[in-house]
Amino acid sequence: MPRRSTNDKLPILLPTGKQEDNFFELVHQVARLIPKGRVTSYGAIAACLGAKSSARMVGWAMNSSHQAKPKVPAHRVVNRNGMLSGKMHFSDPNKMQQLLEKEGLKVENDQVVDFPRYFWDPATAFKEKE
DNA sequence: ACGCTGACTATTA
DNA sequence: CTAATAGCCAGCG
């Protein structure tokens with residue numbers, strides 16, 4: 001478990017105020033915020049947390065998401081190419097694609113079709129738009 | 001304690 | 001256009 005993220009403090013989230021050893025939590029929470037039928041990338045989440053350079057840590061955190069109490073839609077998190085890079089880490093490699101398709105997404109060759117169209121930026125959740 | 005690995009990304013050739 | 005390289009940082013041998 002990481003006790004702290006990397007650099008910068010987190011610009012947002014954690015109503016509780018905790019943020020140091022919550023790197024996993026942050027990633028998990030952001031992941032849960034992903035609307036059904038949408039996907040995001042590791043880098044987007046990392047950037048949202050202020051560690052855009054450490055997208056790997058996000059993926060690493062996702063690995064812990066399996067045991068997270070509330071369900072974490074890890075299947076909605078793909079890499080920058082829209083590829084289901086983490087599919088092999090699921091209970092069943094096919095499960096990720098099946099889940100995505102069930103949510104209305106199209107997946108071909110382990111890649112989300114029209115990815116930019118379904119891409120959801122976590123910052124949107126905090127932006128609140130105007 | 002040192003080095004390799006990895007659910008990534010951006011840059012350079 | 002695609003391919004290789006460098007950052008990134010915690011976990012594990």
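The structure presented is a predicted model; accordingly, all values stated were derived computationally and were not measured.
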Taking only the side-chain heavy atoms of [X] (C-beta and beyond), determine which of [options] contains the nearest atom.
{"X": "His89(A)", "options": "dA7(B), dT9(B), dC9(C)", "value": "dA7(B)"}
{"X": "Met62(A)", "options": "dG11(C), dC8(C), dA7(B)", "value": "dA7(B)"}
{"X": "Met57(A)", "options": "dG6(B), dA7(B), dC8(C)", "value": "dG6(B)"}
{"X": "Trp60(A)", "options": "dG11(C), dC9(C), dT9(B)", "value": "dG11(C)"}
{"X": "Ser53(A)", "options": "dC8(C), dA10(B), dA7(B)", "value": "dC8(C)"}

For Ala74(A), report the nucleic acid contact type (base, sugar-phosphate, nothing); a contact means any heavy atom under 4.0 Å.
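Touches a base.
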Base, sugar-phosphate, or nothing: which does Asn63(A) touch, judged by heavy atoms less than 4.0 Å apart?
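Result for Asn63(A) = base.
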So does Lys106(A) have more than 12 non-hydrogen atoms from other groups sitting under 6.0 Å from NZ?
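Atom NZ in Lys106(A) is not crowded, with 12 or fewer foreign heavy atoms closer than 6.0 Å.
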Atom-pair distance ([atom1] on [X]; [atom2] on [N]), nearest Å:
{"X": "Phe115(A)", "N": "dT9(B)", "atom1": "CZ", "atom2": "C1'", "result": "13 Å"}
{"X": "Asn79(A)", "N": "dC8(C)", "atom1": "CG", "atom2": "P", "result": "21 Å"}
{"X": "Leu49(A)", "N": "dC9(C)", "atom1": "CG", "atom2": "P", "result": "14 Å"}
{"X": "Phe24(A)", "N": "dA10(C)", "atom1": "CZ", "atom2": "P", "result": "10 Å"}
{"X": "Tyr42(A)", "N": "dA10(B)", "atom1": "OH", "atom2": "P", "result": "14 Å"}
{"X": "Asp110(A)", "N": "dA7(B)", "atom1": "CG", "atom2": "C1'", "result": "13 Å"}
{"X": "Lys52(A)", "N": "dC8(C)", "atom1": "NZ", "atom2": "C1'", "result": "12 Å"}

Hey, can you pull the residues of residues 93-109 of chain A with a non-hydrogen atom under 4.0 angstrom from DNA chain B?
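Going residue by residue through residues 93-109 of chain A, none turns out to have a heavy atom under 4.0 Å of DNA chain B.
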Distance between the C1' atoms of dA3(C) and dA7(B), in whole angstroms?
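Rounded to whole Å, the distance is 22 Å.
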Using the P atoms only, state how far dC4(B) lies from dA6(C), rounded to an integer number of Å.
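One P to the other, the span is 14 Å.
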At less than 3.5 Å, do the side-chain atoms of His66(A) and the base atoms of dA7(B) form a donor-acceptor pair?
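Looking at the base of dA7(B), it does pair with a donor or acceptor on the side chain of His66(A) (distance under 3.5 Å).
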Least distance between heavy atoms, [X] atom then [Y] atom:
{"X": "Phe115(A)", "Y": "Asn81(A)", "answer": "CD2-C, 4.3 Å"}
{"X": "Phe24(A)", "Y": "Ser64(A)", "answer": "CE1-OG, 3.9 Å"}
{"X": "Val107(A)", "Y": "Glu101(A)", "answer": "O-OE2, 3.8 Å"}
{"X": "Val77(A)", "Y": "Ser41(A)", "answer": "CG1-C, 4.4 Å"}

Please round to the nearest 0.5 Å and tell me the distance separating atom CG of Asp121(A) and atom CZ of Arg38(A).
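If I round to the nearest 0.5 Å, the distance is 11.5 Å.
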Just say parallel, tilted or perpendicular for the rings of Phe90(A) and His66(A), cut-offs at 30° and 60°.
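Phe90(A) and His66(A): perpendicular rings.
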